[in-house]
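Structure, as structure tokens:
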Amino acid sequence: NETGVGVPHVRVIAFPVTDSSESATRVAISNEAGSFRLRLGGPGKYVVRVRRIGFSPEADQILDATAAEELKVTLTLRAFAIELADAADQ
């Protein structure tokens, strides 16, 4: 998050810039420390998107992956609370 603390249970989605089909999409969930690992479909440019309830969606990032490379990437989420209306107020 914006304070530098890892966020657990973040959904991380990656897909090639040229192909957002379900078969080309890779998904991972971050662990308790906020770390995750994705196996990409090969070298190329990938769109990386992170989502978590209670955090605002940030802009997608584009990563350039080469063959057999492990990338270390820091993605930032910002806390975002939404107040739900009470059913009695409806």
Side-chain angles (χ1 to χ4, degrees):
N1 67 19
E2 64 266 19
T3 64
V5 176
V7 179
H9 313 296
V10 172
R11 181 179 168 95
V12 182
I13 304 156
F15 53 88
V17 170
T18 58
D19 183 4
S20 63
S21 68
E22 189 173 327
S23 63
T25 300
R26 305 291 188 255
V27 179
I29 304 295
S30 68
N31 64 19
E32 293 299 321
S35 298
F36 64 91
R37 183 172 291 214
L38 280 172
R39 294 196 186 279
L40 300 176
K45 291 186 184 273
Y46 287 83
V47 175
V48 177
R49 181 174 293 158
V50 293
R51 299 292 184 265
R52 175 76 163 92
I53 292 174
F55 292 85
S56 64
E58 295 296 312
D60 297 342
Q61 290 193 14
I62 305 295
L63 298 179
D64 195 1
T66 59
E69 180 180 8
E70 183 173 306
L71 298 174
K72 292 195 179 237
V73 180
T74 300
L75 304 169
T76 302
L77 293 172
R78 300 199 190 297
F80 184 73
I82 297 175
E83 188 174 323
L84 301 176
D86 188 348
D89 294 338
Q90 299 286 324

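None of the values given here were measured: they were computed from a predicted structure.
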**Fill in**
side-chain contact (heavy atoms from CB on, under 4.5 Å) filter on S56, not counting sequence neighbours, yields E58, R78, F80
**Spacing of CZ belonging to R11 relative to CD1 belonging to I53, to within rounding of 0.5 Å** = 11.0 Å
**Message:** Enumerate the side chain to side chain donor-acceptor pair (under 3.5 Å) contacts for residues 26-44, please, sequence neighbours excluded, ordered by first and then second residue.
**Reply:** H9-E32
**Request:** Check side chain to side chain donor-acceptor pair (under 3.5 Å) between S21 and all other residues, then give those that pass, not counting sequence neighbours.
**Result:** D19, S23
**Request:** Kindly work out whether a path of hydrophobic side-chain contacts (I/L/V/M/F/W/Y, heavy atoms less than 4.5 Å apart) joins F36 to V7.
**Result:** yes
**Prompt:** For the hydrophobic clusters of this structure (ILVMFWY residues joined by side-chain heavy atoms under 4.5 Å, transitively), does one cluster hold both L63 and I13?
**Reply:** no
**Request:** Would you mind telling me which of L40, V73, L75 makes a side-chain contact (heavy atoms from CB on, under 4.5 Å) with V48?
**Result:** L75
**Prompt:** Among all residues two or more places apart in sequence or in another chain, which pass the salt bridge (charged side-chain N to carboxylate O under 4.0 Å, His left out) test with R49?
**Reply:** D60
**Asked** Just wondering, are more than 12 heavy atoms of other shown residues or ligands nearer than 6.0 Å to CZ in R51?
**Response** yes
**Request:** Would you please name every residue forming a side-chain contact (heavy atoms from CB on, under 4.5 Å) with I62, sequence neighbours left out?
**Result:** V17, K45, V47
**Request:** Run through I29, V12, V10 and flag the one making a side-chain contact (heavy atoms from CB on, under 4.5 Å) with R52.
**Result:** V10
**Message:** Are L38 and F15 connected into the same hydrophobic cluster when the rule is that any two of I, L, V, M, F, W, Y join if their side-chain heavy atoms are below 4.5 Å apart?
**Reply:** no
**Request:** Locate the shortest heavy-atom distance separating P16 from A24; write the atom from each residue and the value.
**Result:** CD-O, 3.5 Å
